[in-house]
Number of protein chains: 2
Amino acid sequence: MVRLLAARDDFDVPLVAVAQAVGCTPPALYGYFRNKAALLRAAREEGFNRLYTEKLTLSERMRANPFGYLREGSYAYVRFALDNPTLYRLMFAPPPNLGVGDDPLSGDLGRRVFDLLLAGLRGCQTQGFLSGMDINRYAFMFWSSVHGAVCLCIQNRVLDETAKWEAVRDVVDTLMRMIAATAPGHLHRGI
Amino acid sequence: MVRLLAARDDFDVPLVAVAQAVGCTPPALYGYFRNKAALLRAAREEGFNRLYTEKLTLSERMRANPFGYLREGSYAYVRFALDNPTLYRLMFAPPPNLGVGDDPLSGDLGRRVFDLLLAGLRGCQTQGFLSGMDINRYAFMFWSSVHGAVCLCIQNRVLDETAKWEAVRDVVDTLMRMIAATAPGHLHRGI
DNA sequence: ACATTAACTTAATGTCGTTCATTTATTATT
DNA sequence: AATAATAAATGAACGACATTAAGTTAATGT
């Protein structure tokens with residue numbers, strides 16, 4: 001399914017295409033999903049799971065270095081979005097008929113990813129960054145910036161991949177510089 | 001049409017609905033638009049025009065105060081997005097079948113709005129803010145943040161309007177504070 | 001008055017999601 | 001192992017919808 005989304009560059013995929021990719025007829029799908037919307041919701045969930053596990057393993061590997069994780073985790077996020085633009089759009093801008101009522105940050109799905117970001121920011125705080133700041137607020141700001149940049153890039157169908165990557169990476173780097181600037185002076189060099 | 005988009009909360013509007021809103025039959029529409037995609041592209045263009053004129057009049061009224069314009073212009077942008085969520089989504093996240101190949105910042109449509117933002121930032125620069133910074137880069141960052149916050153809020157169908165407004169406004173205010181912080185000290189108080 | 005064009009309408013076609021009755025395969029029971 | 005019960009899948013059919021084709025009406029120019 002995720003493959004199909006990527007191939008079609010659109011989540012308006014005919015059920016017959018899904019069916020023949022799976023090796024059955026369209027009505028057979030209704031044994032597993034109540035309707036097409038439910039199928040797409042499942043694909044969306046799968047997308048969130050992939051993104052989550054990707055970021056989770058990264059956060060475990062870099063537990064000792066929250067600041068570094070924040071950067072690398074953001075890079076991973078951006079790469080995921082640029083590598084799976086259609087899936088990303090399904091996750092973060094689903095059509096209303098999917099019946100996805102809440103945004104990714106409130107629903108159980110995206111919430112776990114958001115919590116990883118929160119943990120990263122809190123980790124930075126224990127290292128002296130962002131002291132005295134409202135982490136929830138800052139996390140929303142951080143996510144908004146990256147998400148917005150990714151959205152604008154994904155939308156563009158003429159820009160090549162490396163140009164997109166550099167544009168969004170620049171946004172991430174700027175955010176990281178801003179966080180670095182909140183640390184007491186002696187930390188500035190080491191990063 | 002714009003009314004219809006708002007009413008249906010979705011741009012997957014049947015042509016028959018458009019037709020009867022206009023007072024004719026679906027095939028009659030083909031005299032004015034090559035197909036449904038062309039009709040939606042026209043609605044999208046109308047959306048960009050409204051946003052542009054709104055921001056343009058604001059920028060003219062506040063020509064003397066670039067920093068203030070940047071804030072108020074952003075507020076206006078956010079209000080437009082939150083007041084017309086479906087139209088905004090059509091403008092910034094159109095389905096691929098519309099044939100809109102470039103992102104809003106590259107196309108003629110959104111480019112004019114982007115130029116207004118650039119002009120605002122340049123104006124701030126002449127007032128001593130953001131000295132020595134790459135304005136194009138900063139504009140992308142600025143737009144990304146606001147756009148991302150707006151996207152996340154629009155996506156949420158349970159949050160009430162004032163909560164959304166406050167969340168995005170907070171992002172804008174944070175951005176403005178960051179710009180204010182780039183000015184030489186004596187400017188900090190007056191804002 | 002009559003041909004021509006424009007704007008519309010009704011009718012028809014094709015795609016697609018979805019439902020339903022029926023058939024096929026699978027499991028359970030004796 | 002044979003048969004009943006159940007689950008799963010299929011083919012045909014329906015309804016919604018975009019789009020095209022053909023025909024109708026109204027207006028315009030000569």
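The basis for the numbers below is simple: all heavy atoms, side chains too, and nothing from hydrogens, waters or symmetry mates. Proteins come first, then strands; the chains are lettered A, B, ... in the order of their sequence lines, and each starts at number 1.
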DNA chain D: 5'-most and 3'-most nucleotides touching chain B, 4.0 angstrom heavy-atom criterion: D:dC17 to D:dT20

Sugar-phosphate or base contact per nucleotide [nucleotides 6-11 of chain C; S, B, -; heavy atom under 4.0 Å]: --SBBB

Could you state the [atom1]-[atom2] distance from [X] to [N], rounded to the nearest angstrom?
X: A:K36; N: C:dT19; atom1: NZ; atom2: C1'; result: 17 Å
X: A:R34; N: C:dT18; atom1: CZ; atom2: P; result: 9 Å
X: A:N35; N: C:dC16; atom1: CG; atom2: P; result: 18 Å
X: A:L98; N: C:dG17; atom1: CG; atom2: C1'; result: 14 Å

B:L87 vs B:F92 side-chain heavy atoms within contact, under 4.5 Å: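 Of all side-chain heavy-atom pairs linking B:F92 with B:L87, none is under 4.5 Å.
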
Consider only side-chain N and O atoms of [X] and [Y], and report whether a donor and an acceptor are under 3.5 Å apart.
X: B:N156; Y: A:S106; result: yes
X: B:Y75; Y: B:D173; result: yes
X: B:R112; Y: B:N49; result: yes

Summary of salt bridge (charged side-chain N to carboxylate O under 4.0 Å, His left out) pairs that have at least one residue in residues 16-26 of chain B, sequence neighbours excluded: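 Matches after skipping sequence neighbours: none remain.
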
More than 12 heavy atoms of other groups within 6.0 Å of B:D160 CG: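 Counting other residues, nucleotides and ligands, CG of B:D160 exceeds 12 neighbours.
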
Parallel, tilted or perpendicular: rings of B:Y77 and B:W143 (30°, 60°):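 B:W143 vs B:Y77 ring planes: perpendicular.
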
Stretch residues 9-20 of chain A: residues that reach within less than 4.0 Å of DNA chain C through a heavy atom: A:V13, A:P14, A:L15

Residue pair A:H147, A:Y88: steps toward the ring-ring contact (aromatic ring centres under 6.0 Å, His included) verdict: CA-CA 10 Å; A:H147 173 61; A:Y88 188 84; 5.7 Å; yes

For A:R41, all residues meeting salt bridge (Lys or Arg N to Asp or Glu O under 4.0 Å), sequence neighbours excluded: none

Any residue meeting salt bridge (Lys or Arg N to Asp or Glu O under 4.0 Å) with A:R157, in chain and number order, not counting sequence neighbours: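 Partners of A:R157 by the salt bridge (Lys or Arg N to Asp or Glu O under 4.0 Å) criterion, ordered by chain and then number, come out as A:D9.
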
G-U wobble or Watson-Crick pairing nucleotide for D:dT10 (cut-off 3.5 Å, both distances):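 With both distances under 3.5 Å, D:dT10 matches C:dA21.
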
Gap separating the CZ atom of B:R111 from the CG atom of B:L109, nearest 0.5 angstrom: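 Reported to 0.5 Å precision, the distance equals 12.5 Å.
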
